[in-house]
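Within every chain, numbering begins at 1; the chains are lettered A, B, ... in the order of the sequence lines, protein sequences first and strands thereafter. Atoms considered below: every heavy atom in the structure, side chains included; atoms not considered: hydrogens, waters and symmetry mates.
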Amino acid sequence: MINRGGDIQNARVRFAPSPTGRLHLGSARTALFNWLVARGSGGAIILRLEDTDKERSSEEFERDIMESLRWIGLDWDEGPDVGGGYGPYRQSERMGIYPEYAARLLEEGRAYRCYCTPEELKERKNAAVGEGRAWRYDRKCLGLTEEERALLEAQGRPYAVRFRVPEGEVTVNDVLRGEVKVDASEIDDFIIMRSDGRASFHLAVVVDDITMEVTHVIRGDDHLTNAVRHVLLFTALGAEPPMFLHHSLLMGIDGTKLSKRHGATSVSDYRDMGYLPQALVNYLALLSWSPGNDREIFTPGELVEEFSVGGVSAGKAIFDLDKLNWLNRQHMKALSDSELTDLVIDHLDQSFPRQKLEIAVASVRNGMETLADIEKQPLDIYVQPAGKLSEKSLKELEKSPDLKEALGLLVSTFRKYPSNDMATAEGIVVELRQEAKERGWKAKTVLWPFRLAVTGQTVGPDLTYLIMFWGPGGCADRVEATMRTLEERDE
RNA sequence: GGCGCAUUCGUCUAGCCUGGUCUAGGACGCCGCCCUCUCAAGGCGGUAACAGGGGUUCAAAUCCCCUAUGCGCUACCA
């Protein structure tokens with residue numbers, strides 16, 4: 001699909017989640033697009049909590065949403081916690097302002113009272129559907145006579161307020177999809193005030209966007225048809241509709257909307273699983289957005305720099321864990337040993353002195369694609385007592401050629417080096433290779449026993465790290481311990 | 001059912017607006033090779049797509065129409 005949206009200037013955008021669950025990846029993606037547009041256009045981003053559904057909303061989720069957003073590096077200029085000139089930013093605290101807008105619409109004849117009960121509506125709807133007719137609200141209450149209305153009022157019948165959808169064609173201006181035109185006759189007279197006096201979602205959103213002076217509404221594709229209703233409301237309220245950008249929805253690998261069935265779906269889940277926030281953001285951005293060249297790795301700052309709505313595609317977006325894993329690995333590579341060690345500590349149950357831990361982490365880091373992968377690394381070799389070998393290692397050792405001489409060479413070489421640093425460690429390995437060559441051995445003849453004798457295991461980190469961890473002397477001790485083990489075994 | 005949106009390798013996408021340079025490019029995954037003390041990582045190579053059908057045109061992934069499929073909306077949910 002072709003999208004050559006012009007650059008957006010000074011956009012005032014909002015991210016409006018309902019705190020009915022932890023921040024979903026899909027919501028995070030919406031938030032990211034909003035943030036990118038705000039930051040990239042020199043505008044502002046508002047965090048607005050749509051918490052009118054008291055049953056399902058909770059403070060805990062509210063906290064998770066804000067923490068998750070901050071964790072992935074998104075901030076906001078106005079919101080429930082930071083305030084701003086257009087507050088309050090919690091919809092539950094704005095309930096007082098909607099009725100006046102409904103009243104205005106009522107006065108102007110753009111809305112009307114509907115006394116139909118949900119039961120009556122259901123009945124008429126079923127009847128219509130039963131006859132194979134499309135059901136739209138039948139405007140029964142729009143046609144009420146004065147007497148009928150007076151009677152209903154006298155009975156104290158509760159009423160909802162319906163928007164009177166005008167005739168004509170409605171156009172939604174969408175950055176990605178151009179002008180989406182829908183005939184208003186497709187839309188029925190939707191409710192803007194419930195019979196209990198609370199504003200409906202549609203009214204609340206539009207009033208909020210008007211009063212908060214939102215210029216660009218960036219949200220999921222599922223709201224595209226709702227946008228038609230919203231444009232109608234903006235117009236009826238005398239406001240210029242904002243520009244819309246309805247991005248595609250995030251789907252699971254089977255093509256259905258990403259949900260719990262697909263596994264972890266919330267940002268905090270991914271934090272706990274050991275993903276880096278910059279990797280997650282990078283991945284979410286790359287779903288539907290492309291810089292137009294082959295670049296894939298971006299820090300959040302670079303995304304702001306490179307992002308343009310013209311690079312956003314309108315097509316579906318399927319969440320692919322493999323690619324996230326790869327990106328996470330790329331971002332982990334960018335961390336220093338020290339930084340990685342700091343991050344990995346939370347996922348580790350063993351404890352080492354800091355210095356040792358850093359070496360240990362450095363030695364296994366290329367085997368990790370998430371921070372949590374530290375648990376799967378063979379760190380236990382570092383706590384294994386000297387001279388204790390696995391059965392498999394013992395067997396490998398025993399069938400190794402020129403074993404005695406090789407072990408002797410190891411000890412004598414290690415003993416030559418009192419200092420312990422990277423250069424020394426690397427030097428030792430080079431020297432061992434050299435020695436092997438001179439004896440007409442394959443490198444393996446001495447290096448394989450090295451690994452087995454020092455760690456007691458057949459798999460583990462590069463030899464250089466082993467030297468750094470125990471020091472050359474420590475390695476010599478461990479080889480000697482292994483020699484004793486072998487002797488005992490012979491007896 | 002009605003309306004809307006979408007449709008390039010399995011997945012994310014480049015290309016589409018401004019038709020030819022596309023025997024369709026990149027990335028993930030997968031497969032193979034190399035490297036190698038182990039496991040990895042890394043390097044190199046391979047696999048694989050314009051949903052289908054009609055037009056328009058000298059020429060279509062690119063423009064138009066139809067069909068199919070997927071998704072969404074169609075609530076006194078948000």
Side-chain angles (χ1 to χ4, degrees), chain A residues 1-4 16-18 20 50-53 55-57 91 114 116-118 121-122 125 129 132-136 158-162 172 174 176-177 180-183 185-188 190-196 198 200-202 204-205 220-229 246 248-249 251 253 255-257 283 286-296 310-311 313-327 329 333 364-368 377-378 393 396 400 429 432-433 442-452 455 457-463:
Chain A
M1 197 58 207
I2 319 134
N3 310 296
R4 274 293 123 78
S18 13
T20 54
E50 307 209 328
D51 59 345
T52 50
D53 189 340
E55 302 287 289
R56 296 191 298 147
S57 299
Q91 219 163 51
C114 173
C116 300
T117 65
L121 289 169
K122 202 169 189 180
K125 178 177 178 177
V129 173
R133 301 196 322 264
W135 162 259
R136 246 167 246 132
Y159 62 85
V161 178
R162 281 185 189 273
V172 175
D174 190 283
L176 296 189
R177 300 157 210 277
V180 177
K181 295 180 194 296
V182 175
D183 197 289
S185 63
E186 295 295 336
I187 309 294
D188 66 355
F190 56 95
I191 285 172
I192 55 177
M193 289 290 277
R194 300 187 185 88
S195 51
D196 64 2
R198 289 154 57 226
S200 75
F201 161 73
H202 299 298
V205 165
D221 191 24
D222 49 342
H223 285 296
L224 184 56
T225 0
N226 285 332
V228 174
R229 295 180 178 79
H246 291 97
S248 60
L249 260 21
M251 307 295 213
I253 195 70
T256 62
K257 208 164 154 180
Y283 179 64
L286 244 34
L287 269 175
S288 313
W289 174 77
S290 158
N293 53 43
D294 293 341
R295 176 126 93 114
E296 307 252 24
S313 66
K316 65 187 183 329
I318 292 177
F319 185 79
D320 177 25
L321 193 61
D322 284 331
K323 184 118 186 195
L324 205 213
N325 284 334
W326 177 77
L327 272 170
R329 177 166 251 147
K333 272 188 193 162
V364 299
R365 59 179 293 167
N366 76 354
M368 299 162 54
Q377 300 308 309
S393 304
E396 284 287 321
S400 186
V429 176
L432 287 171
R433 284 179 191 285
K442 288 193 278 188
K444 186 173 183 168
T445 305
V446 63
L447 297 183
W448 190 219
F450 176 167
R451 147 150 283 113
L452 300 167
T455 69
Q457 299 293 324
T458 52
V459 301
D462 286 349
L463 300 174

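Both distances falling under 3.5 Å, in either a Watson-Crick or a G-U wobble arrangement, occur for no nucleotide opposite B:A75. A 3.5 Å limit on both hydrogen-bonding distances identifies no Watson-Crick or G-U partner for B:U56. B:A14 makes up no base pair with any nucleotide shown, lacking Watson-Crick or G-U wobble contacts both under 3.5 Å. In this structure B:C31 sits in a base pair with B:G45, meeting the Watson-Crick or G-U test at under 3.5 Å. The base-pairing partner of B:A24, taking Watson-Crick or G-U wobble contacts with both distances under 3.5 Å, does not exist among the strands shown. With both pairing distances under 3.5 Å, B:C9 is matched to nothing as a Watson-Crick or G-U wobble pair. Nucleotide B:A61 forms a pair with no other nucleotide shown, judged by Watson-Crick or G-U wobble geometry with both contacts under 3.5 Å.
Across B:C71 and B:C35, the matching C1' atoms stand 47 Å from one another, rounded to whole Å. Remark: the separation of the P atoms in B:A40 and B:G29 is 15 Å, to the nearest Å. B:G25 and B:A48 are spaced 14 Å apart, taking the C1' atom of each and rounding to whole Å. B:C58 and B:G19 are spaced 15 Å apart, taking the P atom of each and rounding to whole Å. For B:A6 and B:C65, the P atoms lie 13 Å apart once the distance is rounded to whole Å. Between B:A78 and B:G70, the distance separating the two P atoms is 30 Å to the nearest Å. Separating the C1' atom of B:C22 from that of B:A68 is a span of 26 Å, rounded to the nearest Å. To the nearest whole angstrom, the two P atoms, one in B:C63 and one in B:C16, are 10 Å apart.
Using a 4.5 Å cut-off on side-chain heavy atoms (C-beta onward), A:Arg177 and A:Leu224 make contact. Taking 4.5 Å as the limit, every side-chain heavy atom of A:Asn226 sits out of range of all side-chain heavy atoms of A:Val205. Side-chain contact between A:Leu432 and A:Leu447: present, with at least one pair of heavy atoms (C-beta onward) separated by less than 4.5 Å. For the pair A:Arg451 and A:Thr458, the minimum side-chain heavy-atom distance is 4.5 Å or more.
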Can you check each nucleotide of nucleotides 26-32 of chain B against protein heavy atoms at under 4.0 Å and return B for base, S for sugar-phosphate only, - for none, in 5' to 3' order?
SBSS---
Per-nt protein contacts along nucleotides 70-78 of chain B (heavy atom under 4.0 Å; B base, S backbone sugar-phosphate only, - none) come out as -SSSSSBSB
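OP1 or OP2 of B:U13 has at least one side-chain nitrogen or oxygen of A:Ser288 nearer than 4.0 Å. The side chain of A:Lys333 places an N or O atom within less than 4.0 Å of a non-bridging phosphate oxygen (OP1 or OP2) of B:G42. Within the 4.0 Å cut-off from OP1 or OP2 of B:U8, at least one side-chain nitrogen or oxygen of A:Lys316 is found.
With rounding to whole Å, A:Leu176 atom CG is found 18 Å from B:C17 atom P. A:Tyr283 has its OH atom 8 Å from the P atom of B:U13, to the nearest Å. Atom CG in A:Asn366 sits about 12 Å away from atom C1' in B:U38, given to the nearest Å. Atom CG of A:Asp174 and atom P of B:C5 are 10 Å apart (whole Å).
Side-chain contact annotation: A:Asp221 with A:His246, donor-acceptor N/O pair under 3.5 Å absent.
We find that A:Glu296 and A:Lys323 are joined by a salt bridge, their nearest charged nitrogen and carboxylate oxygen being less than 4.0 Å apart.
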Detail all sub-3.5 Å separations between protein N/O atoms and N/O atoms belonging to nucleotides 34-37 of chain B.
from  : atom 1 : to       : atom 2 : distance (Å)
B:C37 : OP1    : A:Arg433 : NH1    : 2.5
B:C37 : OP1    : A:Arg433 : NH2    : 3.4
B:C37 : O2     : A:Arg451 : NH1    : 2.5
B:C37 : N3     : A:Arg451 : NH1    : 2.9
B:C37 : N4     : A:Leu463 : N      : 3.2

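Pairing each heavy atom of A:Ala317 with each of A:Ser288, the nearest pair is CB-OG, 3.9 Å. Across all their heavy atoms, A:Ser400 and A:Pro449 have their closest contact at OG-CG, 3.5 Å.
Residue A:Gly460 is in base contact, counting any heavy-atom pair closer than 4.0 Å across all strands shown.
Listed by chain and number, the residues in a ring-ring contact (aromatic ring centres under 6.0 Å, His included) with A:Phe190 are A:Phe163, A:His202 (sequence neighbours excluded). The side-chain hydrogen bond (donor to acceptor under 3.5 Å, both in side chains) search around A:Asn366 returns none, not counting sequence neighbours. Taking A:Asp196 as the reference, A:Arg198 meet the salt bridge (Lys or Arg N to Asp or Glu O under 4.0 Å) condition, with sequence neighbours excluded.
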How far apart are the C-alpha atoms of A:Trp448 and A:Glu396, what are their side-chain angles, what is the distance that settles it, and do they pass the side-chain contact (heavy atoms from CB on, under 4.5 Å) test?
CA-CA 9 Å; A:Trp448 190 219; A:Glu396 284 287 321; 2.7 Å; yes
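More than 12 heavy-atom neighbours from other residues, nucleotides or ligands sit within 6.0 angstrom of NZ on A:Lys181.
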